[in-house]
Amino acid sequence: MKIDLKRGDFSQLGAIKGRTWANFCMVCRKESECKVLVYQKDQVRCTEEIIVPKEYSMGNIRSVHVEGLDLGEYDYNFWIDGKITLDPYARRIVGRETWADLSRSPKQTLRCRYEENRFSWRGERRVEIPRKDMVIYKLHIRGFTMGLPEDVPERGTFRALARKLAYLKSMGITTIELMPVYEFEEVLIKEREEIPQYIKWKSKKKDKIQKPKEKTEYTINYWGYGAGMYFAPKASYAAGESPGTELKECILQMHKKGMECILEMDFADHMPKMRILEILHYWVREYHVDGFHLQGNNIPMELLLEDPFLGRTKLFYRGMEEGMIPEAEAQYPRAFLYADEFLYPCRKLASGVNSSMWDLADQMKKQNARLGYVNYIADNNGFTLKDMFTYGQKRNQINGEDYADGPTWNFSMNCGVEGETTSRNVQKIRDRRMKNAAAMLFLAQGAPMLMAGDEDCNTQQGNNNAYCQDNEIGWKDWKQSRPAKEFLKYIKKLIAFRKEHEVLRMEQPMQLLDTKSYGYPDLSYHEESAWISSGFFSREALGILYCGKYANEAEDVYLGFNFSDFHRNLALPKQNRKRKWYLLMDTGMKNAFLTEPEELLEPGYTLEAQSVCIIIGK
């Protein structure tokens, strides 16, 4: 290879390919020794070592222009002070094309590959779902599709997800959140502890007893959290040779169906703030993603919220606060608190563990002009919705951490039997509790997030931390039983009802006052007697009334909750003129949603124990 070197371009870190040249730019102190290692594609050994002179430095950046190198034919790595490193700005990592490939040596050198990923976004609809209309579905690329029948091609890949987008669209999902899709190491080799001064066994051919082969112990980082190569999509999530193109095609199909794509990004505390900004810019620019769920303790939220390039990008973070958000953001609210604020109070009520009706009322109306809230009752970290009412204790022994992993406080209940059962009575109780929990989720003001599989009774067999379970435990089960199919229908109806009644998802916080003289406050509370104040929730039953006129709707919505062990009568306020109350849904009934609304003739409604109802005023 005949090459010529000169001082390079410092404007862009990473590798740039020209027709007859390549430019490499990396973070490297001037005092360090630096090389670019070049590999012929599909070759193990380094083909060329390009020494980058120290005078090719600017600040702590080193850059070299290499004339005569066609990066389309070679892979590369950096070598700094004797250590081979991957280019953190690489668009493709070579060496992990097969998921959890145990034949790959842990010492095998991964390589960087330059890929332009030219892609046509023709036909794309730029999607901006208003905050109030969002219904989020969180999934793992591999886990969502590996449970499909074996004859389904390309399971566990971006293409397989693209084939199931119609399923999500039919459910009413608007926003798809993807757990990490950037390149990460899924095979974590456990280091062996060496005993000091231990005489190692050296086998000889003449020995009758041979030293047994030591098995490599490893853990699968199934979820993908932790350090990663943030500019490179995960190669093993691709069915073909171009993970970037396949992910872009999947996102394009989401947009064509009017759905958003949110990426989960997990950043280590030492990650430079400006690099985080660069990474987010890259995914918005190159992959047209619509938002990010940010994980980490050093996320520069003020910087991200003020960045004009991210001005229409949704940002989700557990540490999001109203004070971080500029007032102008109220015109297009895109900042969200993504935390467990909703999960635990609602789990307590649904399971009857240290419950508080006040907490429920507070969570149901939680909204802010600038700050949005993501509500969920089950996430990847913790019990699934079904397991929450199937197991009283976590069953994580298969994880190999002696039960030290996974949340200890789950606020779950087994309804009388630990684990699966054939008892129809227990199954009936569990079904109602699941429906109650789902009703709280989809009837609350904040944006609901449904974890993949919870719509059709997915179980992890009591494992509440399936981070290493790349198997049926961690995969969504697509073999729907009859109860699972019925529950999916119920979820679809809840989502449809939410979308039909904007008063349940208004962006402005409720005032609990009749500020427009409609005869009703925007939000009011009722128990055995009507019109109680928010300070007098004395029992485990409550009626919440939304006045539809405040959302320019003809129907009022009355939500009844009874989490006690007895029947409770909830008062219905007197309607004006010829308007009447109609029962639409009651989880105490077999199918929950009625075929036709049923007129209520009494001034109250008796709700069974552990039930939720929807009553319409019109």
Side-chain angles (χ1 to χ4, degrees), residues 345-353 355-365 377 389 413 415 425 428-444 486-487 490-491 493-494 497-498 501 503-504 520 523-534 536-548 555-575 579-618:
C346 293
R347 277 194 176 192
K348 290 178 182 179
L349 269 174
S351 300
V353 182
S355 55
S356 168
M357 192 58 71
W358 172 265
D359 286 342
L360 172 67
D362 185 51
Q363 292 298 323
M364 294 296 291
K365 69 178 178 62
I377 207 160
F389 303 108
M413 66 176 302
C415 300
N425 186 49
K428 181 180 178 181
I429 295 171
R430 290 174 177 174
D431 177 68
R432 183 183 300 190
R433 299 258 181 175
M434 287 174 60
K435 287 177 177 176
N436 292 345
M440 284 189 280
L441 175 63
F442 288 107
L443 300 176
E486 291 300 320
F487 192 73
Y490 171 75
I491 292 293
K493 289 179 180 179
L494 272 179
F497 181 81
R498 176 185 179 84
H501 295 83
V503 73
L504 293 175
Y520 283 174
L523 172 65
S524 56
Y525 298 114
H526 312 270
E527 282 189 346
E528 203 167 84
S529 300
W531 310 110
I532 65 169
S533 70
S534 58
F536 291 91
F537 300 158
S538 58
R539 306 176 308 168
E540 294 177 311
L542 180 68
I544 302 177
L545 174 58
Y546 296 91
C547 178
E555 296 182 348
D556 299 325
V557 178
Y558 184 103
L559 308 178
F561 300 91
N562 180 13
F563 293 107
S564 74
D565 293 326
F566 306 95
H567 289 60
R568 297 295 187 189
N569 186 71
L570 293 175
L572 296 170
K574 186 178 180 180
Q575 287 273 36
R579 292 170 64 90
K580 298 178 182 179
W581 293 110
Y582 297 86
L583 178 66
L584 185 66
M585 188 274 284
D586 186 340
T587 60
M589 298 179 177
K590 183 178 179 181
N591 295 320
F593 277 92
L594 281 67
T595 305
E596 294 291 337
E598 179 183 309
E599 182 181 345
L600 299 177
L601 303 176
E602 301 296 327
Y605 182 70
T606 301
L607 189 58
E608 286 189 17
Q610 304 297 334
S611 298
V612 176
C613 71
I614 299 175
I615 299 172
I616 297 299
K618 60 180 181 178

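Numbering of residues begins at 1 and proceeds along the displayed sequence.
- Between Met585 and Leu583, the closest heavy-atom pair is O-CD1, 3.6 Å.
- A distance of 8.0 Å separates CD in Glu555 from CZ in Arg579, rounded to the nearest 0.5 Å.
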Pair up each side-chain donor or acceptor in residues 357-365 with any protein partner under 3.5 Å, not counting sequence neighbours, and list the distances.
residue : atom : partner : partner atom : Å
Gln363  : OE1  : Lys366  : NZ           : 2.7
Gln363  : NE2  : Glu341  : O            : 3.2

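- Nearest heavy-atom pair across Ala437 and Ile377 is CB-CD1, 3.6 Å.
- To the nearest 0.5 angstrom, Cys613 atom SG is 10.5 Å from Asn436 atom CG.
- When each of Lys435, Arg433, His567, Arg432 is tested with Ser611 by the rule side chain to side chain donor-acceptor pair (under 3.5 Å), just one qualifies, namely Arg432.
- Here the side chains of Leu559 and Val612 are not in contact, with every heavy-atom distance at 4.5 Å or above.
- Between the side chain of Asn562 and the backbone N or O of Phe566, at least one donor-acceptor pair lies under 3.5 Å.
- The two residues Pro573 and Trp531 come nearest to each other via the heavy atoms CB-CZ2, 3.5 Å.
- Among residue pairs with one or both ends in residues 584-618, those qualifying as ring-ring contact (aromatic ring centres under 6.0 Å, His included) are Tyr490-Phe593; sequence neighbours excluded.
- For the pair Gln575 and Tyr520, the minimum side-chain heavy-atom distance is below 4.5 Å.
- Side-chain atoms of Ile616 and Val557, non-hydrogen and from C-beta on, do get closer than 4.5 Å to each other.
- Arg498 places a side-chain N or O within donor-acceptor distance of the main-chain N or O of Ala444, the cut-off being under 3.5 Å.
- Contact annotation: the side chain of Leu545 approaches that of His526 to within less than 4.5 Å [non-hydrogen atoms, C-beta and beyond].
- A distance of 10.0 Å separates CD in Glu602 from CG in Leu572, rounded to the nearest 0.5 Å.
- Remark: Tyr525 OH to Ile544 CD1 distance equals 5.5 Å, nearest 0.5 Å.
- Not one N or O on the side chain of Glu528 forms a donor-acceptor pair closer than 3.5 Å with the backbone of Leu570.
- Between Pro597 and Tyr582, the shortest heavy-atom contact is CB-CB, 3.9 Å.
- Among residues two or more places apart in sequence or in another chain, the salt bridge (Lys or Arg N to Asp or Glu O under 4.0 Å) test is passed with Lys580 by Glu599.
- Contact between Ile429 and Cys415 at its shortest, heavy atoms only, is CG2-SG, 3.8 Å.
- Between the side chain of Asp556 and the main chain of Gly548, a donor-acceptor pair closer than 3.5 Å is present.
- At least one donor-acceptor pair closer than 3.5 Å links the side chain of Gln610 to the backbone N or O of Phe563.
- The distance from the CZ atom of Phe487 to the CZ atom of Arg430 is 14.0 Å, given to the nearest 0.5 Å.
- One distance of note links NZ of Lys618 with CG of Leu584; it measures 8.5 Å at 0.5 Å rounding.
- Side-chain atoms of Asp431 and Phe389, non-hydrogen and from C-beta on, never get closer than 4.5 Å to each other.
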